[in-house]
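These notes are about the structure you will find just below.
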Amino acid sequence: VKSWRLIVFALVGVAQLAVPASLIWKREQTLRQGSVWKFRTAPVDPVDAFRGRYVALEFEAESHEISPPPNADYGQTVFVTLRPDPEGFAEVDQVNSSRPAGDDFIEAQLRGKTISLPFDKYWVTERDAPAAEAAYRAQSRRDKRNAFATVRVFRGDAALEQLYLDGLPLGEYLRANAAPK
Amino acid sequence: MRSADRSGIRWLLAELPDLVTGGIVSAETAEALRQHYSSRDPGEPRRIGFVLSAILGSLLVGAGVILLVAHNWDFLSRPVRCAIAFTPLVLSQALAIFVLLRRRESAPWRECAAILNVAAIGTAIALVSQTYQIQGDFARFILVWMLLALPVIYLFRTSLGLAIYFVGATVWVLSSKGGPFFGARPNDLWVWVLLALGVPAFIARLRENRNGYGTLLILTALAVAAAFSLGQTDEIGARSFWHCSFAGFWTAVYLVGVASFKDWRPTRPHPFVAAGWIGILSLTIFLSFRDPWRTHQWQNAVYLVPRHYPDALATGIQLAWVAAALLFGAYTLWKDRMLNLAPAALAPVALVAWGIAKQTGNPLTPSLLLNFFALALGIFTLLRGIRASRVFEANLGMLVVAILAIARFFDSDFEFVVRGIAFIAIGLGFLVTNLVLFKRKARA
């Protein structure tokens, strides 16, 4: 009687470990083998509230109208292929309701005539969060668009790699522009 | 022995010396009573205290560790962060195995091990997600977490864990906003499956300790989860039918309290009786206004024969709640005529009112029906209280009438004189009822 509980719990325990482990595995694959795309951030709504431990990101690619696949529902998962624009930033190429061939596509949510990318938060430490949010906002103003994020893309998964402000990774930018105390 | 009898026992033991000096019981009888009850010292209070302090202690230790790690989080490399994410999970699993092997009969150990394990699952997934900037949606995170927790809840027979599971299911159904059905998604209906998966565990707790506080906690969590899930289902199914489905829900809550937990405590009714009264009364008063029946959606949003999968299923669930309330009510009426089942009549009354509103599109008749129901409920309860000399029940009946009167004060076109007279009449009713009842009690 005792042993069946142990066996069941052993299986459950393996499942508990497998879930976070599979997250790590999938993400490591993407980070190692994925192709790098640069996404330009969209102008930030200045009233948008401060979000705590992450910077809330918005991307230009999310505001461009796309041609959705036929018979697609609002909020449905779609597969998006990308192409570079003249300046080298990522643009939506095609939106399909089935998986395209190759490795270079991401899964996204359909929002009517636009898509919502599966990454919109950039986690930072509690200490850096306010400065990061302010810097991101300053660099994403309508007249001064100097923020972008690099994303690794591999078989539907999109791994947010780094947030760049004014050409520098977020950490370096904050260090370079730290207000003297 | 039921834990709630303890206060009664303490009272009895304190009364014994007076009873002996008053010559009501003999010294031997008093001693026998004392022996009988003190030998049955229940383990319950110590157990609850131990469970609580064990949980609190482990939470404090856990929080301290999290603080220390969080402080140095920036300086840690990705593999170290992942190792830290897995540490609590592995430790909690080790504790769980120890409890399964050595402390399987101890409820505090089981509760503790299960809670720590369930918390560690969520922590591990969240920390890994944060380390790798994995966004996934929150609803899916909760769903995976709860499904991983479910077997632990069964293995460890934990009450708190099961309550947390039901709360998690609620969070899941509420966090999946932005779908095509007025914000709800067809997938939200799976919440009923999630809830059903926890029900066998609940039944096992019920068999084990029907009147314990752990069972009450689970029952409350289940009721809250069912309420939110029903609200979400109403969005997907026949929207205006929420009048009836929630009448069914509150009726079921009341009936569970009044009929399923009849022997909850010797002197007090089950908390669900009070919750049911509050819910039934609020809904009745709300529906006694004309506005909730004045809707443009009778024609296009209400199809009793819906067209395809999500709304057909959702409407089926709505109807099932009404049917369950009606059947439960009928069964209770057949089994035990001593209970006050008048509040449970809300389910059929709301159903009839909804049918009239749907047929005629006129908000007056259904609102009048609900007014009559409220009035009848108040008077019935009042008379029942007077007949049985129960002051509380009589006043409850008066209260129903008074609330109804106040509600009508806001929207009726009666003259101020009429309203004034109505209030004087109700106030006098209160005074006279209480006077009569207290006099009768004093005489008895």
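In this text the structure is predicted, and so the values were computed from the model without any measurement. Numbers restart at 1 for each chain; the letters A, B, ... are given by sequence-line order, proteins then strands.
- In this structure, CG in D157(A) is found 7.0 Å from CD1 in I134(B), a value given to the nearest 0.5 Å.
- Of the two parts of L31(A), only the side chain, counted from C-beta on, holds a non-hydrogen atom closer than 4.5 Å to a non-hydrogen atom of chain B.
- Both the backbone and the side chain of D120(A) have a heavy atom closer than 4.5 Å to some heavy atom of chain B.
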Report task. Dump the intermediate steps for side-chain contact (heavy atoms from CB on, under 4.5 Å) on Q93(B) and L17(A), then the final yes or no. Result -> CA-CA 10 Å; Q93(B) 289 178 342; L17(A) 294 169; 3.8 Å; yes

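- Within the 4.5 Å cutoff, the side chain of F9(A) has no heavy atoms near those of the V99(B) side chain.
- Remark: the backbone N or O of I121(B) is not paired with any side-chain donor or acceptor of Q16(A) at under 3.5 angstrom.
- Counting heavy atoms from C-beta outward, V19(A) and W145(B) have side chains that stay 4.5 Å or more apart.
- Taking each heavy atom of I24(A) and C82(B) in turn, the nearest pair found is CD1-SG, 3.6 Å.
- With a 6.0 Å radius and a threshold of 12 heavy atoms from other residues, nucleotides or ligands, F89(A) has its CZ atom above the threshold.
- Here P20(A) is the residue among P20(A), A21(A), G171(A) with the most heavy-atom pairs under 4.5 Å with chain B.
- Within 6.0 Å of CZ on R207(B) lie no more than 12 heavy atoms contributed by other residues, nucleotides or ligands.
- Separation of atoms CD (E28(A)) and CZ (R78(B)) is listed at 6.5 Å; rounding is to 0.5 Å.
- Interatomic distance, L6(A) CG to I97(B) CD1, rounded to the nearest 0.5 Å: 7.0 Å.
- Rounded to the nearest 0.5 Å, atoms OG (S3(A)) and CG (L100(B)) are 11.0 Å apart.
- Between S129(B) and L23(A), the shortest heavy-atom contact is OG-CD1, 4.0 Å.
- Neither the backbone nor the side chain of A158(A) comes within contact range of chain B; no heavy atom of the residue lies under 4.5 Å from a heavy atom of that chain.
- Interface remark: A159(A) contributes no atoms to any contact with chain B (heavy atom separation under 4.5 Å).
- Both the backbone and the side chain of L155(B) have a heavy atom closer than 4.5 Å to some heavy atom of chain A.
- Of the listed residues V152(B), N117(B), V144(B), the one with more heavy-atom pairs under 4.5 angstrom with chain A than any other is N117(B).
- Heavy atoms closer than 4.5 Å to chain A are found in the side chain of F86(B), but not in its backbone.
- To the nearest 0.5 Å, atom OH of residue Y132(B) and atom NZ of residue K26(A) are 14.0 Å apart.
- Heavy-atom distances place both the backbone and the side chain of L148(B) under 4.5 Å from chain A.
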